[in-house]
Amino acid sequence: MAGRTLDWKEELGRWLKPFLDRLGHKARRQMCPLYVSGLIGPGDRKSIQPMAERLALGEYDQLHHFIAAGVWDSAPVETELLVQADKLVGGSDAVLVIDDTAVLKKGTHSVGVAPQYCSALGKIANCQTLVSLTLARGEVPVMAAMRLFLPESWTNDRARLKRAGVPVEYRTARTKPEVALAEIDRVIAAGTRFGCVLADAGYGSSARFRHGLTARKLSWAVGIPRHLKVYPADVLMIRPVTPRGRPRQRIPDTLSVAAEDVLATAKWQNITWRTGTKGKLRARFAAVRVRVADGSPQRIKDKTHQHVPGEQAWLIGEHRASGEKKYYLANLPAKTDLRALAATIKARWVCEQAHQQLKEELGLDHFEGRSWQGLHRHALMTMIAYAFLQYRRLATARRKKKNQRPITPANSARRTSRHSRALSSTTSTAMSILPKMDMQRAAA
């Protein structure tokens with residue numbers, strides 16, 4: 001067992017080299033592998049003091065200084081994480097999943113803590129909320145970024161922000177969709193490759209968020225509330241007839257309708273989007289082309305607070321066997337078939353698995369400090385640890401795939417694309433070859 005532990009720690013040291021190069025100072029280059037190995041290794045608590053004891057460091061001051069007090073810029077290390085995530089799962093067929101995860105907290109002093117909606121509990125609770133970006137391909141997720149959302153109770157209190165060490169550039173009030181767009185810009189600047197942005201209704205209901213994605217020339221598929229208004233795809237803008245005076249602005253020739261009402265008369269089909277551990281995953285789906293009522297605000301006929309038609313998009317409905325109904329918008333091409341739309345929407349589930357493993361196995365929610373800097377550095381180390389374990393899993397999957405591959409004639413091999421098909425096949429089956437496992441045992 002000791003030999004196996006030494007093997008993975010040596011492999012971790014080699015894999016971390018690009019990160020250590022960005023850390024610069026010798027002491028930081030020593031502490032980073034220790035902290036990451038402490039997160040991966042055994043133990044129920046992944047806060048600084050218990051990890052220091054398990055690592056036999058004696059005093060925990062060095063680890064604490066590295067995470068909470070040391071003067072160093074985490075931005076280059078965050079960029080390196082994006083580079084490594086892209087190497088693992090980036091590509092035109094990858095997806096970037098936008099979501100958030102809550103960290104339950106007691107008290108009022110930890111940065112960003114406040115009574116707010118906690119998705120894990122499905123209710124308001126005292127917690128911190130981290131906006132997350134997950135890069136995934138072939139159902140293999142890699143956490144790419146996390147940024148703390150600050151409620152108004154924090155952004156309205158300058159003294160409180162200063163005490164928690166919140167950088168000046170983050171002290172302005174921003175919604176979660178605005179935080180997500182800023183992080184997407186950072187992902188794009190790092191050259192990370194992905195084909196589509198996915199998000200739930202917490203982000204998809206924001207017209208500014210959808211417009212922001214479109215302005216960045218990104219493909220997207222997002223959840224929406226059932227009452228979001230849309231127009232038929234063939235809606236016309238007409239100039240209303242007035243008895244006298246100047247002609248009014250052009251208005252739609254029909255009023256907008258709630259998404260659920262539009263899909264009530266649509267044709268629904270049973271769609272299977274993938275095979276899970278308990279069998280085929282299926283639900284009933286329907287999709288129609290619409291124009292979203294998210295254009296400029298305008299009075300339409302006798303209706304106030306209306307919006308003119310925006311760009312065309314897919315309106316998609318999902319009826320689950322449980323009776324639950326979900327609705328989505330996607331700006332994917334008009335020729336996209338229903339099965340592809342359903343598979344794209346359902347690819348978002350991988351971020352939930354990543355959040356769960358970050359908390360249960362790598363201690364994302366175990367940080368006991370109160371500062372902005374400490375929280376974000378701890379979250380960064382957990383994401384690096386997660387990326388390393390995904391690196392090991394993918395490497396194991398490729399070795400198994402190679403060992404199982406039958407010998408083929410040379411002529412046949414020459415007719416096959418040299419690497420693209422093999423890579424696609426490997427990543428698409430990686431999670432079935434390597435089902436969810438206890439990360440502590442995987443690293444042992």
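All values reported here derive from a predicted model rather than from experimental measurement.
Applying the ring-ring contact (aromatic ring centres under 6.0 Å, His included) test to H319 and every residue at least two apart in sequence or in another chain returns W268. Applying the side-chain contact (heavy atoms from CB on, under 4.5 Å) test to D99 and every residue at least two apart in sequence or in another chain returns S132, D200, R348, C351, H355. For the side-chain contact (heavy atoms from CB on, under 4.5 Å) test, residues two or more places apart in sequence or in another chain that qualify with D261 are V257, A258. R171 is linked by a side-chain contact (heavy atoms from CB on, under 4.5 Å) to R158, L161, K162, V166, V168, counting only residues two or more places apart in sequence or in another chain. By the ring-ring contact (aromatic ring centres under 6.0 Å, His included) test, Y117 pairs with no residue at all, sequence neighbours left out. For F367, the ring-ring contact (aromatic ring centres under 6.0 Å, His included) partners are H378, not counting sequence neighbours. Remark: A233 engages R289, Q312 in a side-chain contact (heavy atoms from CB on, under 4.5 Å) (not counting sequence neighbours).
How far CD1 of I184 is from CD1 of I98: 4.0 Å, rounded to the nearest 0.5 Å. Atom CZ of R392 and atom CD1 of I40 lie 8.5 Å apart (nearest 0.5 Å). Rounding to the nearest 0.5 angstrom, the gap separating the NZ atom in K346 from the CG atom in L341 is 13.5 Å. With values rounded to the nearest 0.5 angstrom, W220 atom CH2 is found 8.5 Å from L332 atom CG. For the atom pair CH2 (W372) and OH (Y170), the distance works out to 6.0 Å, reported to the nearest 0.5 Å. L394 contributes atom CG, which lies 14.5 Å from atom NZ of K87 (distance to the nearest 0.5 angstrom).
Counting heavy atoms from C-beta on, the side chains of V97 and W349 never come closer than 4.5 Å. Within the 4.5 Å cutoff, side-chain heavy atoms of L104 are placed close to those of L121. Considering only heavy atoms from C-beta on, N126 stays 4.5 Å or farther from K106 through its side chain. For the pair P232/T254, a side-chain contact is recorded, criterion being any heavy-atom separation below 4.5 Å from C-beta on. Considering only heavy atoms from C-beta on, W15 comes within 4.5 Å of I384 through its side chain. Within the 4.5 Å cutoff, no side-chain heavy atoms of N331 are placed close to those of L213. With contacts defined as side-chain heavy-atom distances shorter than 4.5 Å, the pair P252/M237 qualifies. For the pair D100/L130, no side-chain contact is recorded, criterion being any heavy-atom separation below 4.5 Å from C-beta on.
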**Q.** side chain to side chain contact (heavy atoms under 4.5 Å, CB included) evaluation trace for R320 with K326
**A.** CA-CA 8 Å; R320 300 177 181 177; K326 294 287 185 178; 3.7 Å; yes
Inset, instruction - For the pair Y35 and I48, evaluate side chain to side chain contact (heavy atoms under 4.5 Å, CB included) and give the outcome as yes or no after the intermediate values. - result: CA-CA 8 Å; Y35 200 94; I48 294 174; 4.0 Å; yes
Query - Step-by-step salt bridge (charged side-chain N to carboxylate O under 4.0 Å, His left out) determination, E11 to R14 - result: CA-CA 5 Å; E11 186 178 12; R14 292 190 296 271; 5.4 Å; no
Discussion item. Apply side chain to side chain contact (heavy atoms under 4.5 Å, CB included) to residues L228 and Y327 and explain how you reach the verdict.
Written reply: CA-CA 9 Å; L228 188 137; Y327 301 91; over 6 Å; no
* To do: With side chain to side chain contact (heavy atoms under 4.5 Å, CB included) as the test, would you mind laying out the steps for V111 and H376 before giving the verdict?
  => CA-CA 10 Å; V111 63; H376 282 89; over 6 Å; no
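Taking both residues in full, the closest heavy atoms of A286 and L338 are given as C-CD1, 4.1 Å, listed atom of the first, atom of the second, then distance. Among all heavy-atom pairs drawn from L135 and A85, the shortest one is CD2-O, 3.6 Å.
With K46 contributing its side chain and L39 its backbone, the two residues share a donor-acceptor pair below 3.5 Å. Checking side-chain atoms of E78 against main-chain N and O of A145 turns up no donor-acceptor pair under 3.5 Å. With hydrogens and angles disregarded, a donor-acceptor distance shorter than 3.5 Å links the side chain of T336 to the backbone of P333. Formation of a donor-acceptor pair under 3.5 Å by the R291 side chain with backbone atoms of G310 is found in this model. R137 places no side-chain N or O within donor-acceptor distance of the main-chain N or O of A94, the cut-off being under 3.5 Å.
The local environment of CD in Q30 is crowded, with over 12 non-hydrogen atoms from other residues, nucleotides or ligands closer than 6.0 Å.
For the residue pair T396 and R393, no side-chain donor N or O sits within less than 3.5 Å of a side-chain acceptor on the partner. A side-chain donor-acceptor contact under 3.5 Å links Q116 and T129. Defined by atom type and a distance below 3.5 Å, a donor-acceptor pair is present between the side-chain atoms of E80 and Q84.
Under the side-chain hydrogen bond (donor to acceptor under 3.5 Å, both in side chains) criterion, no residue pair touches residues 61-77, with sequence neighbours excluded. Counting only residues at least two apart or in different chains, salt bridge (charged side-chain N to carboxylate O under 4.0 Å, His left out) contacts with residues 365-385 comprise R45-E368. Applying the salt bridge (charged side-chain N to carboxylate O under 4.0 Å, His left out) definition to pairs two or more places apart or across chains, those involving residues 207-224 are D185-R216, R210-D294.
Just one residue in the list L133, L358, V131, T382 forms a side chain to side chain contact (heavy atoms under 4.5 Å, CB included) with M146, and that residue is L358. Of the options K325, R226, H227, a side-chain hydrogen bond (donor to acceptor under 3.5 Å, both in side chains) to E260 is made by R226 and by none of the others.
Note: W273 and F285 have perpendicular aromatic rings, judged against thresholds of 30 and 60 degrees for the angle between ring planes.
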What pairs of donor and acceptor atoms, side-chain ones from residues 149-156 against any protein atom, are under 3.5 angstrom apart with sequence neighbours left out?
from: W154; atom 1: NE1; to: V113; atom 2: O; distance (Å): 2.8
from: N156; atom 1: ND2; to: E152; atom 2: O; distance (Å): 3.2

Using a 3.5 Å cut-off and no angle test, enumerate the donor-acceptor pairs between side-chain atoms of residues 187-197 and protein atoms at least two apart in sequence or in another chain.
from: T192; atom 1: OG1; to: V187; atom 2: O; distance (Å): 3.3
from: R193; atom 1: NE; to: D86; atom 2: OD1; distance (Å): 3.0
from: R193; atom 1: NE; to: D86; atom 2: OD2; distance (Å): 3.1
from: R193; atom 1: NH2; to: D86; atom 2: O; distance (Å): 3.4
from: R193; atom 1: NH2; to: D86; atom 2: OD2; distance (Å): 3.1

